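Quantities reported herein were computed from a predicted structural model and do not represent experimental measurements. Every heavy atom of this structure was used, including side-chain atoms; hydrogens, water molecules and symmetry mates were not.
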Amino acid sequence: MNAKRVDDVVRECLEEYCRRAKCLRTIHSNKAERATKWHHVHLVVSLVFAMFLSILGFVGQARLEEVVGVISVETFSWWYAVAVFIVLVIAILGLIFRVDERASRHYRSVESLTEFLRDTEDAVALSAGKARSLEVSDLTLIRTTYKGLLATLPPNTDKEHAKAKGGDVPKSERRIENTQFFVTGVMVDERSEDAQLELFTQIITSDPTRMAILTAVEDRLGDGGWVVGGIIRDPVWDYVHEYDVATPVEDVDVVFFKTDESNRECEHGIKHDLQEKIPNLRWSVKNEARMHVLNKNAPYESVQDAVSRFPETATAIAVQLSGRTLRVMAPHGLRDLFELQLRPSGPSCVDAMLSRMSQKDWLKVWPNLVLQKQEPERKLCYLQKMFGLD
């Protein structure tokens, strides 16, 4: 077996170990969360009944009778005995189940699995980027590490494995049956001869991370939430540049449109919920019903109106998941995105586009991007000076 074939086989095996580790991490993360909740409940109930018992003992039957009226010694003794019994039962249950220790064990398991995943995914990325070739010794090391890790993890049931495999994980990897495409307000079916739409759908839906993001937004906002920005644009630019290693996912931009909730509190609440679903990403949530003020535009009529006024046409694209349908909103179409054209959405968007190009170093990350020279002479001189264009 040649070196290239060995590298491919080992990489496939490492990817399988990553899938198993992710499944285990989901199980222990869920169990840690449940154990933590039960631990908090146990602490609150213990504190309430301990305080009740302390008050009864401190006040005594005589003082209590002065406060609440006639109370017999038998009644007081009965309530005191009940409080003592409940505190004793709570203490015994805490010793039996030890939910705090269980939560700690599961959290440690999540940390160990995350570390294993990081090391394994780094090896896979180096191989995919042709920075180094994987060998059988790498597989042996990962296998040994994985087995040692399994020996330290708390046991799990088959039901928990089935739920992690068949429930939470596949939801973000579900098969998309059809696509709806919105351009200039007209919906076009996927069966139309639009190769770019078909390729765009394939690029987005083949990425588990982006499907997980779309699923989280669908769960929280339904048909009102749309994912926009680099999380949608960058994988297409990576594909056209033929990059083996994808540009890292850092920010996720989500937009919606609600005229009756034009304050930031609503956005913060949605952002908090999405952050809990996928905590390792930086979320940005904006209600486009109020963003025209910050962008110094006329009021937007809808999400599509707002997206159509994004600075450059290649970024003026929004995606949403609706059941098994991928909905793509592209007011300016997809051509500029796939042809790597940096074109302002309108004359008033030139400065904003230039500023974004400079801040985000687009031409360094994707050098084949083409800056359109359709602006006034002042803008052309500015572009030539900044980017050294002819």
Side-chain angles (χ1 to χ4, degrees), residues 171-172 174 176 178-188 200-201 204-205 209-234 249-334 337 344-346 348-349 352-353 356:
K171 188 175 182 180
S172 62
R174 53 189 167 186
I176 300 300
N178 61 299
T179 301
Q180 291 177 338
F181 183 46
F182 299 84
V183 54
T184 61
V186 180
M187 187 184 75
V188 183
F200 179 82
T201 302
I204 298 299
T205 58
T209 299
R210 285 170 173 81
M211 288 300 293
I213 290 170
L214 290 169
T215 300
V217 174
E218 179 193 16
D219 291 343
R220 180 59 180 84
L221 288 168
D223 289 342
W226 294 82
V227 179
V228 298
I231 193 72
I232 300 301
R233 177 201 62 226
D234 295 354
V249 176
E250 297 180 352
D251 303 325
V252 182
D253 296 306
V254 178
V255 298
F256 65 100
F257 193 91
K258 286 188 177 181
T259 56
D260 57 338
E261 295 182 354
S262 57
N263 55 66
R264 292 189 177 184
E265 294 181 2
C266 176
E267 298 173 2
H268 291 332
I270 297 172
K271 178 181 177 180
H272 177 268
D273 294 341
L274 293 173
Q275 197 77 54
E276 285 192 337
K277 288 179 177 291
I278 308 180
N280 60 324
L281 295 174
R282 292 198 301 267
W283 292 85
S284 173
V285 180
K286 295 291 184 292
N287 183 1
E288 293 296 345
R290 73 173 187 86
M291 293 305 294
H292 66 281
V293 178
L294 298 178
N295 297 332
K296 299 179 180 180
N297 289 328
Y300 302 141
E301 298 179 356
S302 62
V303 170
Q304 180 165 323
D305 184 25
V307 171
S308 69
R309 301 196 218 181
F310 282 4
E312 57 280 341
T313 56
T315 307
I317 298 169
V319 174
Q320 125 185 145
L321 199 60
S322 179
R324 292 190 175 182
T325 298
L326 186 74
R327 309 181 78 200
V328 181
M329 181 190 299
H332 302 286
L334 297 173
L337 175 65
S345 299
S348 62
C349 298
M353 185 187 76
R356 285 159 55 81

*Asn287 CG to Glu267 CD distance, which is reported to the nearest 0.5 Å*: 5.5 Å
*Do side-chain atoms of Glu218 reach the backbone of Gly222 as a donor and acceptor pair under 3.5 angstrom?*
no
_Nearest 0.5 Å, please: how far is CZ in Phe200 from CD1 in Ile232?_
5.5 Å
*Nearest atoms (heavy-atom pairs only) where Phe256 meets Val285*: CE2-CG1, 3.7 Å
*Could I get the full list of side-chain hydrogen bond (donor to acceptor under 3.5 Å, both in side chains) partners for Asp305, not counting sequence neighbours?*
Arg309
*How close do Ala318 and Val228 get, heavy atom to heavy atom, and via which atoms?*
CB-CG1, 3.5 Å
*asked:* Ile213 and side-chain contact (heavy atoms from CB on, under 4.5 Å): which single residue from Ile204, Ile278, Val319 fits?
replied: Ile278
*Would you please name every residue forming a side-chain hydrogen bond (donor to acceptor under 3.5 Å, both in side chains) with Glu312, sequence neighbours left out?*
Thr315, Arg356
*State which residues pass side-chain contact (heavy atoms from CB on, under 4.5 Å) with Val249; sequence neighbours excluded, sorted by chain then number.*
Arg210, Ile231, Leu281
*Which residues satisfy the side-chain hydrogen bond (donor to acceptor under 3.5 Å, both in side chains) test with Thr313, sequence neighbours excluded?*
Asp336
*With a 4.5 Å limit on heavy-atom distance, are the side chains of Val227 and Asp253 in contact?*
no
*Taking only residues two or more places apart in sequence or in another chain, which ones pass salt bridge (Lys or Arg N to Asp or Glu O under 4.0 Å) with Arg220?*
Asp273
*asked:* Distance check, rounded to the nearest 0.5 Å: Arg290 atom CZ versus Cys266 atom SG?
replied: 10.0 Å
*asked:* Once side-chain contact (heavy atoms from CB on, under 4.5 Å) is applied, do any residues pair with Ala314, and if so which ones, sequence neighbours excluded?
replied: Trp237, Leu337
*How close do Ser345 and Ser308 get, heavy atom to heavy atom, and via which atoms?*
CB-O, 3.7 Å
*Decide side chain to side chain contact (heavy atoms under 4.5 Å, CB included) for His272 and Gln275; before the verdict, give the C-alpha distance in whole Å, the side-chain angles of both, and the deciding distance to 0.1 Å.*
CA-CA 5 Å; His272 177 268; Gln275 197 77 54; 5.6 Å; no
*Trp226 versus Arg327, closest heavy-atom pair with distance*: CZ3-O, 3.6 Å
_Any residue meeting side-chain hydrogen bond (donor to acceptor under 3.5 Å, both in side chains) with Ser284, in chain and number order, not counting sequence neighbours_ = Lys286
_Chi angles and distances behind the side chain to side chain contact (heavy atoms under 4.5 Å, CB included) call for Gln320, Val217_ = CA-CA 8 Å; Gln320 125 185 145; Val217 174; over 6 Å; no
*Specify the closest pair of heavy atoms between Ala316 and Val307, including all atoms of both residues, with the distance to one decimal.*
CB-O, 3.2 Å
_Within this structure, what is the CD1-CG distance for the pair Ile270 and Leu221, rounded to the nearest 0.5 Å?_
4.5 Å
_Nearest heavy-atom neighbours spanning Tyr300 and Phe257_ = O-CZ, 3.2 Å
